[in-house]
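Okay, so here's the structure we're looking at.
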There are 2 protein chains.
Amino acid sequence: MSDDLTPRARRLRDAGHKLTHARLTVLAALEDSGGHITSSEVLERVNLVDHTIGRASVFRTLDLLTSLSIIRPTYLHSSMTPTYVLLPDGHHHHFICTRCNRVIEFDDCGLAQIETDLEARLHVKLTGHLLEFYGLCERCAAESTFTPSTTESAS
Amino acid sequence: MSDDLTPRARRLRDAGHKLTHARLTVLAALEDSGGHITSSEVLERVNLVDHTIGRASVFRTLDLLTSLSIIRPTYLHSSMTPTYVLLPDGHHHHFICTRCNRVIEFDDCGLAQIETDLEARLHVKLTGHLLEFYGLCERCAAESTFTPSTTESAS
DNA sequence: ATACCAATTGAGATATAGTATCAACAGGGT
DNA sequence: ACCCTGTTGATACTATATCTCAATTGGTAT
């Protein structure tokens with residue numbers, strides 16, 4: 001019963017999953033990164049630590065962690081690869097500039113009450129949430145004040 | 001100036017983009033679907049209407065619409081393909097069961113005040129938001145009350 | 001209408017991401 | 001230590017998205 005596990009590792013085990021080397025390595029890679037990491041980056045980090053871990057296991061672990069609301073895939077950059085965010089307390093919030101892809105994170109969301117209401121209303125058991133705001137960051141908003149595309153001077 | 005455009009088409013044009021056949025077709029496909037549609041499904045629908053429209057244009061349009069906060073990619077099923085949701089009034093909210101992937105949508109979110117605060121605090125211009133709740137739906141919650149994995153017959 | 005120009009397109013080759021398969025292996029309860 | 005079952009890793013394979021660039025088209029000025 002060595003309980004020197006990280007909280008997330010414990011959640012994995014408590015949900016009935018084995019704490020395998022591959023899974024713990026993926027989890028460590030995610031935690032080291034601090035979140036906002038793509039699957040390719042996870043693959044890369046995992047490979048540095050132990051190149052015998054297969055790609056399939058990494059993807060399987062990402063899916064597993066997602067189903068446990070430990071991480072959540074989201075789109076930040078291209079429409080190709082998801083970026084995984086850690087959900088420290090089951091939730092995460094950020095702002096994404098849809099022009100330059102800058103991400104601003106923040107903590108408070110004031111959704112506790114809404115969550116409670118929703119559980120009762122939809123008869124569901126919530127494990128977390130992700131709140132994404134998007135728009136233009138300060139700089140991009142200023143730039144698009146001039147002209148939409150190729151900032152041509154209006155004569 | 002034929003203004004018999006859909007509101008979303010107008011937003012496209014107002015943002016300085018051309019209303020091309022390809023773009024309008026993709027937009028129509030999205031609107032017909034009602035949202036929660038994968039890129040493959042969009043491709044398929046577009047192809048039915050006009051098979052001369054290239055894949056690249058479909059993806060380009062999806063990215064463009066995303067950058068305008070007209071749609072938003074999100075993960076519902078696998079970690080492979082994003083599912084696009086329409087953002088009718090710039091926002092969207094849903095609950096996703098992390099076990100069976102069922103999606104429950106709902107309208108109210110009470111985030112108007114939070115949005116206003118955030119704009120002032122982060123000095124950004126918000127165009128929309130996506131609020132995802134996840135957890136277990138009623139049925140899945142009931143099932144996992146018994147045994148984690150092999151829960152087949154509830155006697 | 002017509003002409004013009006830049007934004008946009010389409011085709012498909014290419015790159016990238018994720019999945020399927022299955023024998024071999026290892027976690028963890030007994 | 002043993003066993004059972006969940007899990008793994010290798011790789012071939014499929015699915016998905018991007019790149020390139022000549023050709024086209026939307027929209028505006030004429």
Side-chain angles (χ1 to χ4, degrees), chain A residues 1-3 5 9-10 12-27 37-44 46-47 49-68 73 75-84 147-155, chain B residues 1-3 5 9-10 12-27 37-44 46-47 49-67 73 75-84 147-152:
Chain A
M1 316 180 188
S2 55
D3 256 336
L5 298 172
R10 190 159 321 150
L12 248 186
R13 195 184 53 184
D14 291 350
H17 302 282
K18 291 183 178 177
L19 294 181
T20 67
H21 176 56
R23 285 175 178 165
L24 292 174
T25 306
V26 170
L27 193 48
I37 184 176
T38 65
S39 52
S40 302
E41 289 165 343
V42 174
L43 276 170
E44 204 175 320
V46 167
N47 243 297
V49 176
D50 182 346
H51 70 97
T52 69
I53 294 176
R55 312 177 186 319
S57 292
V58 173
F59 284 107
R60 281 187 287 236
T61 302
L62 289 174
D63 284 346
L64 177 60
L65 294 175
T66 298
S67 76
L68 294 174
Y75 275 105
L76 299 184
H77 310 299
S78 92
S79 52
M80 188 70 173
T81 307
T83 299
Y84 291 89
T147 357
S149 326
T150 39
T151 327
E152 304 150 318
S153 50
S155 53
Chain B
M1 300 281 177
S2 56
D3 256 335
L5 297 174
R10 190 160 319 151
L12 249 185
R13 194 184 54 183
D14 291 350
H17 302 282
K18 291 184 178 176
L19 294 183
T20 66
H21 176 57
R23 283 175 178 164
L24 292 175
T25 306
V26 171
L27 194 48
I37 184 175
T38 65
S39 52
S40 303
E41 290 166 341
V42 174
L43 276 170
E44 203 176 321
V46 167
N47 244 296
V49 177
D50 183 345
H51 70 97
T52 69
I53 294 176
R55 307 170 178 5
S57 292
V58 173
F59 284 108
R60 281 186 288 234
T61 302
L62 289 174
D63 284 345
L64 178 60
L65 294 175
T66 298
S67 77
Y75 276 105
L76 299 185
H77 310 298
S78 92
S79 53
M80 187 72 172
T81 307
T83 298
Y84 291 90
T147 359
S149 323
T150 45
T151 311
E152 234 45 59

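Quick note on labels: first sequence line is chain A, next is B, and so on, each numbered from 1. Given the structure is predicted, the values throughout are model-derived calculations rather than measurements.
To the nearest angstrom, P of D:dA10 lies 15 Å from CZ of A:F59. Separating the CG atom of A:L5 from the P atom of C:dG27 is a distance of 13 Å, rounded to the nearest angstrom. Distance, B:D14 CG to D:dG27 C1': 14 Å, rounded to whole Å. If you take CG of A:L43 and P of D:dG9, they are 12 Å apart, rounded to a whole angstrom. B:R55 has its CZ atom 9 Å from the P atom of C:dG12, to the nearest Å. Per the geometry, CG belonging to B:L24 stands 19 Å off P belonging to C:dA7, to the nearest Å. Atom NE2 in B:H17 sits roughly 14 Å away from atom C1' in C:dA6 (whole-Å rounding). Residue A:R13 contributes atom CZ, which lies 14 Å from atom P of D:dT7 at whole-angstrom precision.
In this structure, OG1 in B:T38 is found 8.0 Å from CD in B:E44, a value given to the nearest 0.5 Å. To the nearest 0.5 Å, atoms CD1 (B:I37) and CG (B:L43) are separated by 9.5 Å. Taken to the nearest 0.5 Å, the CD atom of B:E41 stands 12.0 Å off from the OH atom of B:Y84. A distance of 6.0 Å separates OG1 of A:T25 from CG of A:D50, quoted to the nearest 0.5 Å. Here OG of A:S39 is found 10.0 Å from CG of A:D63. Values are rounded to the nearest 0.5 Å.
Across all non-hydrogen atoms, the minimal contact from B:L19 to B:A9 is CD2-O, 3.4 Å. B:I53 and B:A22 make their closest contact through CD1-CA, 3.9 Å (heavy atoms, listed as atom of the first residue, atom of the second, distance).
B:L12 places a side-chain heavy atom less than 4.5 Å from the side chain of B:L65.
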Kindly give the atom pairs (protein nitrogen or oxygen, nucleotide nitrogen or oxygen) under 3.5 Å for nucleotides 22-26 of chain C.
none

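A:S40 has no side-chain polar atom (N or O) that falls below the 4.0 Å cut-off from OP1 or OP2 of C:dT16. At the phosphate of C:dT8, neither OP1 nor OP2 sits under 4.0 Å from any side-chain N or O atom of B:T20. Between D:dT8 and A:H21, no contact under 4.0 Å exists linking OP1 or OP2 to a side-chain N or O. Residue A:R23 places at least one side-chain N or O under 4.0 Å from the OP1 or OP2 atom of D:dT7. Regarding contacts with the backbone of D:dT16, every side-chain N or O of B:S39 stays at 4.0 angstrom or more from both OP1 and OP2. Phosphate contact (OP1/OP2 of D:dT16, side-chain N/O of B:T81, threshold under 4.0 Å): present.
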Applying the Watson-Crick and G-U criteria (both distances under 3.5 angstrom) with [ ] for crossing and | for other-strand pairs, one obtains for DNA chain C ||||||||||||||||||||||||||||||

Check step by step if side-chain contact (heavy atoms from CB on, under 4.5 Å) holds for B:L27 and B:R23. CA-CA 6 Å; B:L27 194 48; B:R23 283 175 178 164; over 6 Å; no

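Within 4.0 Å (heavy atoms only), B:A56 reaches at least one base atom of the nucleic acid.
The nucleotide whose nearest atom lies closest to any side-chain atom of A:I53 is, among D:dT18, D:dG9, C:dG10, D:dG9.
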